[in-house]
2 protein chains.
Amino acid sequence: MAQHQKSTDKRNALIKATIELVNNNGFHATPMSKIAKMANVSPGTIYLYFENKQDLVNQTYIEVKAEYTKYAFANYNEDACVEKSFEMIWKRIADFKLKACEYAFFLAQCDNTPIIDEASRQEGIKHLQPLLDLWARGKQEGIIKPIDDYLLYAYSINPLSFLLTVQKRAAFTLSENQIEEAYQAAWDSIKLNK
Amino acid sequence: MAQHQKSTDKRNALIKATIELVNNNGFHATPMSKIAKMANVSPGTIYLYFENKQDLVNQTYIEVKAEYTKYAFANYNEDACVEKSFEMIWKRIADFKLKACEYAFFLAQCDNTPIIDEASRQEGIKHLQPLLDLWARGKQEGIIKPIDDYLLYAYSINPLSFLLTVQKRAAFTLSENQIEEAYQAAWDSIKLNK
DNA sequence: ATTAAGAAAATGAACGTTCATTCATTTTTT
DNA sequence: AAAAAATGAATGAACGTTCATTTTCTTAAT
């Protein structure tokens, strides 16, 4: 354990440092030397774990994205009705984005800039399938609007990224009540009106 | 005219080049030398128009943001009812974001990263007031949900940024029909259900 | 109209700095 | 004592910015 453990520790420290520095300074102002310093590691050591800077950022992205989707679907099973299932997933996602906001902000940054390889972006998108499946079921049952998944995502999930950014910038926190209001807005935007 | 005209041309060319290069390569991979080359200008000339790289990006942001809001409210007057007014503004914004997508993508990038000064960000936000006023009216008349403006923006306006990004990435174009669907989702998310 | 002189604008080579990355050496682990 | 992991000084390329020089424009006297 010891040897491999130590390695994982360093790797994690490097990824954590990358997230923090890129969030606060941007990719352009995040030199490898600073990442090394914050992770308590020598600059050269980074290259034992990552090919180069691009690889470090790509892998950080993939890792964070995986944690995000893992969290989102952790307690999900397909037994509940569409509406309840969606609410469960939505609230898990909200939980993650607003609580683990460092992670979520990093993702938002990567998703809105060309700092990530297209391949890594594709890799990160994979794990969203359960939500797409749920939407397919919802459309079939006439509960969710029969519109493109991109539209459903844009209106029901993505707004959380904006709210997270506002929260980070304005040093203002969404109340429990506001999260409920946000959920209502999300559901209202995609549910099929009878 | 001649002398001052020429200056404006160079300035505009520099701003245009900045947008294009930052969009495609990211801020970190956009050296001043490339900006100069694309604008057909010597590197030194940039410093006649802008203090430094940060100033160039800040001013580009402010300029694009101003164009965006100017376009959004160009044909707006406060005579129509809340719903119609919102629809008009929304469609103008959609028009801008999906047609002038280079501009909109640049804004999205700036809004989701720390590359812009906080001061410039504040400067850019100013011109949104008419929309906030409309929402205030809508809340008062019981037409729009009595929730925070950030929530209204997150659900009714911001999704367009996501759709724009998808459009740019996936080389896929939103159809007229899908824009209508998007508008419905936007309105459904913020209108007060009787 | 032409031109000469002065001012303004533009140039691009040069500068100093910073950065990503390497590798000879040291430290730690097996 | 051999192997693996980590170090950090060294390297060379790239960058933002400067400034001595050149080019272009403006003015006004002829």
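Note that these values count all heavy atoms, side chains included, but never hydrogens, waters or copies made by symmetry. Owing to the predicted nature of the structure, the values given are computational and were not obtained by experimental measurement. Note on naming: letters A, B, ... go to the chains in the order of the sequence lines (proteins, then strands), and numbering restarts at 1 for each one.
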Is a side-chain N or O of A:Gln54 found less than 3.5 angstrom from the main chain of A:Ile115, in a donor-acceptor match? yes

Expressed in angstrom and rounded to an integer, what is the separation of B:Lys37 atom NZ from C:dG12 atom P? 11 Å

Just checking, is any N or O donor in the side chain of B:Glu180 or B:Gln184 under 3.5 Å from an acceptor N or O on the other one? no

How close or far is atom P of C:dA20 from atom CD1 of A:Ile46, stated in whole angstroms? 9 Å

Starting from P on D:dA3, measure out to CG on A:Leu48 and report it in whole angstrom. 18 Å

Within the distance-only criterion (no hydrogens, no angle test), does the side chain of A:Tyr155 pair as donor or acceptor with the backbone N or O of B:Ala182 below 3.5 angstrom? yes

In terms of ring plane angle, is the pair A:Phe96 and A:Tyr68 parallel, tilted or perpendicular, where the classes change at 30° and 60°? tilted

Looking only at side chains, do B:Asp95 and B:Tyr71 share a donor and an acceptor under 3.5 Å apart? yes

Give a yes/no on whether any side-chain N or O of A:Lys10 is located under 4.0 angstrom from OP1 or OP2 of D:dA5. no

For A:Phe73, does the six-membered ring have the charged nitrogen or CZ of A:Arg92 within the cation-pi criterion, i.e. under 6.0 angstrom from the centroid and within 45° of the normal? no

Rounding to an integer number of Å, can you tell me how far B:Tyr49 OH sits from C:dA8 P? 14 Å

Where do N or O atoms of nucleotides 13-19 of chain D meet protein N or O atoms at under 3.5 Å, pair by pair?
residue, atom, partner, partner atom, Å
D:dG16, OP1, B:Lys53, NZ, 2.7
D:dG16, OP2, B:Met32, N, 2.7
D:dT17, OP2, B:Tyr47, OH, 2.7
D:dT17, OP2, B:Lys53, N, 2.9
D:dT17, O5', B:Tyr47, OH, 3.2

